Amino acid sequence: MNAPTAQVLLRKEDQRLITGTGQFSADAQAAGMCHGHVIRSPHAHARITHLDVSAVRAAPGVRQVLTAQDVQAAGFADLPNAVQVKNAQGQAQVVCAMPVLAHDRVLFVGQPLVWVVADTALQAQDAAELADIGYETLDVVVTFADATAPGAVQLHPQAPGNTSVKFEAGDRAAVDAAFAKAHFVSDIAVESQRLVGAPMEPRAVWAWHDEAQGLTHVHTPSQGVGAWQLI
Amino acid sequence: SQCGCCTVHVDGMAVKSCTMLAVQADGCSVTTIEGLGADGLHPVQVAFSQCHGLQCGFCTPGMVMASVDLLRRNPQPTPAEIAEGLAGNLCRCTGYVNIIRAVQQASEILQKEAS
């Protein structure tokens with residue numbers, strides 16, 4: 001039997017990427033294509049006191065401006081939550097609705113508020129700057145300790161104490177018994193950092209409706225193709 | 001200036017095209033990544049592929065153009081000099097280790113071709 005030969009395996013996709021012919025979401029072009037821009041919250045926690053997008057609607061090239069009212073009128077559901085764990089007592093995690101577009105409050109910097117659609121991406125961005133949005137900033141919680149401290153600002157009425165679920169796994173009695181017999185006992189508190197995915201491409205979507213076939217085509221750089229069917 | 005993806009050569013010198021007005025290029029020779037490999041791949045392009053100096057490829061045109069200019073100015077750069085030379089180009093997925101290796105490999109190939 002021949003010994004395996006070490007050799008460099010070249011990637012099949014490199015040719016286009018090293019010659020400037022790679023295609024990314026922003027390169028997608030189609031006849032009559034419009035471009036969307038999302039107006040996002042600049043505050044971590046605020047009440048929306050007023051929202052006037054009439055100047056956005058009147059801006060050059062703007063085709064459509066959508067707010068939470070439009071989402072509601074269209075009957076769209078809130079964004080789905082992929083996971084809902086249960087704790088050992090059978091109590092399900094409280095899932096708080098994450099609206100497609102924020103209505104009365106924003107809960108994080110970057111939360112989508114308004115969707116602007118225009119003939120070009122620059123027109124949509126320019127128009128977005130004309131939105132008149134008033135915010136009354138509210139107290140924020142940043143860390144786990146902040147969020148669970150007595151008197152902390154409550155973010156969702158259905159999740160008192162800002163607690164979604166108290167989760168414990170394993171056999172506490174067996175663990176306690178094992179520790180009781182140990183010669184030496186030490187303890188440590190481990191804090192899990194917040195994990196945020198850093199996608200190679202920004203969240204982007206390219207969609208078109210094929211009237212003849214009655215099909216809406218959606219192209220998106222995503223690992224979670226199945227999850228898209230929930231939306 | 002920003003990520004460096006748009007780096008091109010203006011009269012042979014690497015320039016981030018987003019920082020330059022079109023009129024400033026009047027009368028100049030401009031080479032883009034597409035022009036670099038017009039007569040067969042440049043050794044820097046080959047080295048990026050062979051050394052896995054790219055993953056998603058978004059930064060690659062700028063990385064390649066900046067590297068070609070770096071090797072023109074400094075044909076045998078040290079890893080530290082390569083890192084400094086490419087400081088204006090940001091990669092968000094592959095990381096810089098293999099990019100530095102790619103520039104070193106291209107340097108060796110260009111040296112052999114020259115001798």
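Letters go in sequence order (proteins before strands), and every chain restarts at 1. Predicted model only: the values in this text are computed from it and were never measured. Below, each value reflects all heavy atoms present in this structure, side chains not excepted, and no hydrogens, waters or symmetry copies.
- Q15(A) touches chain B through its side chain: at least one heavy atom from C-beta onward sits under 4.5 Å away, while N, CA, C and O do not.
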Practice problem: List the steps, then state whether side-chain contact (heavy atoms from CB on, under 4.5 Å) holds for Q45(B) with T19(A). | Solution: CA-CA 8 Å; Q45(B) 290 171 301; T19(A) 54; 4.1 Å; yes
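- Closest of all the heavy-atom pairs between P61(B) and G20(A) is CG-CA, 4.4 Å.
- For the atom pair CZ of F48(B) and CG of L17(A), the computed distance is 12.0 Å after rounding to the nearest 0.5 Å.
- At most 12 non-hydrogen atoms from other residues, nucleotides or ligands lie less than 6.0 angstrom from CG of D26(B).
- Taken to the nearest 0.5 Å, the OG atom of S49(B) stands 11.5 Å off from the NZ atom of K12(A).
- Sparse packing is recorded around CZ of F144(A), with 12 or fewer heavy atoms of other residues, nucleotides or ligands lying under 6.0 Å away.
- In this structure, no portion of H42(B) lies under 4.5 Å from any heavy atom of chain A.
- For Q125(A), the CD atom sits in a packed shell: over 12 heavy atoms of surrounding residues, nucleotides or ligands are nearer than 6.0 Å.
- Within a 6.0 Å sphere centred on CG of D27(A), other residues, nucleotides and ligands contribute more than 12 heavy atoms.
- Proximity of a side-chain donor or acceptor of R11(A) to a complementary backbone N or O of Q55(B) within less than 3.5 Å is detected.
- For F24(A), the CZ atom sits in a packed shell: over 12 heavy atoms of surrounding residues, nucleotides or ligands are nearer than 6.0 Å.
- Only the side chain of L41(B) comes within contact range of chain A, judged by heavy atoms closer than 4.5 Å.
- The shortest side-chain heavy-atom distance between L54(B) and I18(A) falls under the 4.5 Å cut-off.
- By the 6.0 Å contact criterion, CE on M13(B) is open, its count of non-hydrogen atoms from other residues, nucleotides or ligands being 12 or less.
- For C56(B), the parts lying under 4.5 angstrom from a heavy atom of chain A are both the backbone and the side chain.
- Other residues, nucleotides and ligands place more than 12 heavy atoms under 6.0 Å from the CD atom of Q111(B).
- Around atom CD of E191(A), no more than 12 heavy atoms belonging to other residues, nucleotides or ligands sit under 6.0 Å away.
- A distance of 12.0 Å separates CD of Q50(B) from CG of L9(A), quoted to the nearest 0.5 Å.
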